[in-house]
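Contents: one structure, followed by commentary.
The shown structure was predicted, so the numbers you read here are calculated from the model rather than taken from an experiment. Every chain is numbered from 1, with letters handed out A, B, ... down the list of sequences.
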2 protein chains.
Amino acid sequence: MRCGNPWAHQRLVAEGLRITEARRIILNILSKTSKHLSAEDIYFLVRGINPSIGFATVYRTLDLLTRMGMVQKFDFGDGKARYELIEGSRKDAHHHHLVCTKCRKIVNYTDFVDEEKELIKKTEDALAKKHRFDIKSHIIHFYGLCETCRSEDKNHNPSLGKLSM
Amino acid sequence: MRCGNPWAHQRLVAEGLRITEARRIILNILSKTSKHLSAEDIYFLVRGINPSIGFATVYRTLDLLTRMGMVQKFDFGDGKARYELIEGSRKDAHHHHLVCTKCRKIVNYTDFVDEEKELIKKTEDALAKKHRFDIKSHIIHFYGLCETCRSEDKNHNPSLGKLSM
DNA sequence: CCCCCTAATGATAATAATTCTCATTATCAT
DNA sequence: ATGATAATGAGAATTATTATCATTAGGGGG
Ligand SMILES: [Mn+2]
Ligand SMILES: [Mn+2]
Ligand SMILES: [Zn+2]
Ligand SMILES: [Zn+2]
């Protein structure tokens with residue numbers, strides 16, 4: 001059972017879980033992208049490789065990997081969840097997000113993580129002590145308008161746009 | 001048209017929107033709590049005050065207030081959105097969240113915002129410049145186990161619990 | 001205070017994402 | 001290779017949220 005991802009393979013085996021084709025394919029897809037794929041996105045990519053794999057299995061697998069802590073599930077404000085493999089499998093490190101509220105573009109950023117990392121760590125420790133939490137992870141999202149959407153807005157901007165119902 | 005919230009009242013009027021009973025009630029509910037209410041939670045509270053108000057109006061109002069920037073919509077990982085009034089109406093300031101992934105308890109924290117605020121600001125500025133974004137808001141969530149859930153876990157913890165499918 | 005325009009609403013149907021069910025299949029320890 | 005059973009595929013079911021549309025009520029002008 002050749003698997004492109006020895007790290008992920010081991011984690012599954014360590015939990016007594018089986019290495020199935022669906023899991024292999026999904027892990028491969030996730031490890032090859034830095035995009036933020038929805039379950040449906042992943043389903044279509046999976047079915048391009050093996051059309052016999054079902055949608056439910058994609059959901060089940062994403063949920064499993066999320067519960068195992070190998071995948072992080074995000075909500076960026078459109079109706080659907082997005083998934084991303086966590087460091088350990090892909091080599092690029094933990095990062096935060098910049099989200100355009102208009103066109104839904106998502107930017108991963110790892111800049112400034114030096115200072116940021118330090119403060120996050122400090123905050124985590126202090127919060128853990130103060131609120132008696134065992135902190136496992138965090139999510140940091142900045143929301144705004146990307147360059148494109150910002151300039152588009154400058155033109156036709158009647159106060160606040162279509163706000164009424 | 002007495003309204004418990006002059007600030008909110010003005011914002012609505014300024015946009016040419018009507019001050020309806022549903023809006024008044026919902027704004028009042030939101031301004032009286034620091035909980036993280038779902039649309040359904042709010043619907044039941046609303047109907048305790050005026051049972052003739054419909055669920056759709058609750059959704060519409062929450063969406064309107066969110067688009068106006070008076071309410072922030074959150075996803076804490078359970079299937080439903082949660083809503084919180086933004087500073088300006090309630091007097092307590094912007095805050096971040098600590099979420100227990102087991103019992104779903106949510107803690108608002110405003111501790112450490114001094115250092116945090118500074119870094120957030122710095123990060124925002126740097127990101128705005130680097131990625132040409134006009135940043136409007138951010139969300140910071142820490143996930144982990146609260147004290148209760150942590151100690152419960154210590155007892156019966158077969159490796160990783162019910163992980164399989 | 002009354003009228004009128006129309007934004008806003010209530011009831012309910014419709015959507016869309018996600019989860020569940022159950023018969024069948026495939027993984028893997030033996 | 002075989003058996004126990006974890007995992008799957010297909011599709012039904014569930015659930016949160018949104019759309020539709022006839023009716024109501026907010027509020028400016030008289
Ligand atoms: Mn990312
Ligand atoms: Mn909060
Ligand atoms: Zn954009
Ligand atoms: Zn807890």
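Here the P atom of nucleotide C:dT27 and the CG atom of A:Leu12 are 14 Å apart, to the nearest Å. In this structure, B:Asp63 atom CG and D:dT18 atom P are separated by 6 Å, rounded to whole Å. Atom pair B:Arg67:CZ and C:dA8:P shows a separation of 10 Å (rounding to whole Å applied). The interatomic distance linking A:Phe76 (CZ) with C:dA17 (P) rounds to 17 Å, in whole Å. Rounded to whole angstrom, the span from the CZ atom of B:Phe44 across to the P atom of D:dA16 amounts to 11 Å. Between the NZ atom of B:Lys73 and the C1' atom of D:dT18 there is a distance of 10 Å, given to the nearest Å. Rounding to whole angstrom units, CG of residue B:Asp78 and C1' of C:dA17 are separated by 15 Å. What separates CZ of B:Arg82 from C1' of D:dA16 is a distance of 12 Å, to the nearest Å.
Base pairing of C:dA29: its partner is D:dT2, meeting the Watson-Crick or G-U wobble criterion (both donor-acceptor distances under 3.5 Å).
Residue A:Tyr59 has no polar side-chain atom (N or O) positioned under 4.0 Å from OP1 or OP2 of C:dT19.
Hydrophobic cluster membership differs between A:Val99 and B:Phe133, with clusters built from Ile, Leu, Val, Met, Phe, Trp and Tyr side chains linked at under 4.5 angstrom.
In this structure, A:Tyr109 and A:His96 have perpendicular ring planes: the angle between them is above 60°, well past the 30° mark. Ring pair A:Phe55/A:Tyr59 is parallel by interplanar angle, where below 30° counts as parallel and above 60° as perpendicular.
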Where protein sits on nucleotides 3-11 of chain D, one letter per nucleotide: B base, S sugar-phosphate only, - none, heavy atoms under 4.0 Å:
-BBBSBBBB
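A salt bridge does not link A:Asp125 to A:Lys129: none of the charged nitrogens lies less than 4.0 Å from a carboxylate oxygen.
The aromatic ring centres of B:Phe76 and B:His141 sit less than 6.0 Å apart.
Of the possible donor and acceptor atoms, one in the side chain of B:Arg82 sits under 3.5 Å from a partner among the backbone N and O of B:His36.
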